[in-house]
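Hydrogens, waters and symmetry mates play no part in the numbers below; they use all other heavy atoms, side chains included.
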Amino acid sequence: VENEFSADSRDKEGLRVVTYDARRGIKLHLAIDHIIQIEVVRDSKLEEGRSIVTMTGGLRYVTRRSAHDICASIAKAGAAA
């Protein structure tokens, strides 16, 4: 995930466009209970789905994974509990 990002641009469909740079990222395990919002965004360089995850503390992270993948993982974790 990367915490320093610019997310002011939008594509033709109105989807927010961000740049994810793995060289500037760190690996985190985000606690599901602390996620308050997952936003669908698109990577400007690779045209891949990414997400912006907003945490209860106000921090926002651009993730390598798409919002769909994150939501599927959360649902899977909930089913296993």
Side-chain angles (χ1 to χ4, degrees):
V1 297
E2 181 180 338
N3 192 24
E4 294 180 27
F5 62 92
S6 173
D8 298 326
S9 301
R10 295 189 181 265
D11 65 8
K12 293 177 185 174
E13 293 103 31
L15 194 64
R16 194 178 303 269
V17 177
V18 298
T19 301
Y20 174 82
D21 185 358
R23 295 173 297 167
R24 294 179 51 200
I26 60 174
K27 290 186 180 183
L28 291 176
H29 295 277
L30 302 175
I32 294 170
D33 293 345
H34 294 282
I35 295 174
I36 58 172
Q37 179 179 337
I38 300 170
E39 181 179 352
V40 176
V41 295
R42 180 172 298 146
D43 190 314
S44 63
K45 293 181 182 177
L46 301 175
E47 294 295 318
E48 294 179 353
R50 303 282 186 217
S51 60
I52 295 176
V53 176
T54 304
M55 307 301 288
T56 54
L59 294 175
R60 298 171 65 203
Y61 298 97
V62 174
T63 67
R64 178 181 52 88
R65 297 171 62 193
S66 71
H68 181 266
D69 289 346
I70 291 175
C71 290
S73 295
I74 290 171
K76 183 178 177 182

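- For E47, there are no salt bridge (charged side-chain N to carboxylate O under 4.0 Å, His left out) partners at least two apart in sequence or on another chain.
- Residues meeting the side chain to side chain contact (heavy atoms under 4.5 Å, CB included) test with L15, sequence neighbours left out: D11, V40, R42.
- If you take OG on S51 and CZ on R64, they are separated by 10.5 Å, rounding to the nearest 0.5 Å.
- The cluster map of Ile, Leu, Val, Met, Phe, Trp and Tyr, joined by side-chain heavy atoms under 4.5 Å apart, puts I36 and L59 in different clusters.
- By the 4.5 Å heavy-atom criterion applied to side chains, M55 and I35 are counted as neighbours.
- Annotation: side chain of D69 is not in contact with side chain of T63 (no heavy-atom distance under 4.5 Å).
- Across S44 and V17, no two heavy atoms sit closer than the pair CB-CG1, 3.3 Å.
- With sequence neighbours excluded, the residues satisfying side chain to side chain contact (heavy atoms under 4.5 Å, CB included) with S73 are R65.
- Between T54 and the options H34, Q37, E39, a side chain to side chain contact (heavy atoms under 4.5 Å, CB included) holds for only Q37.
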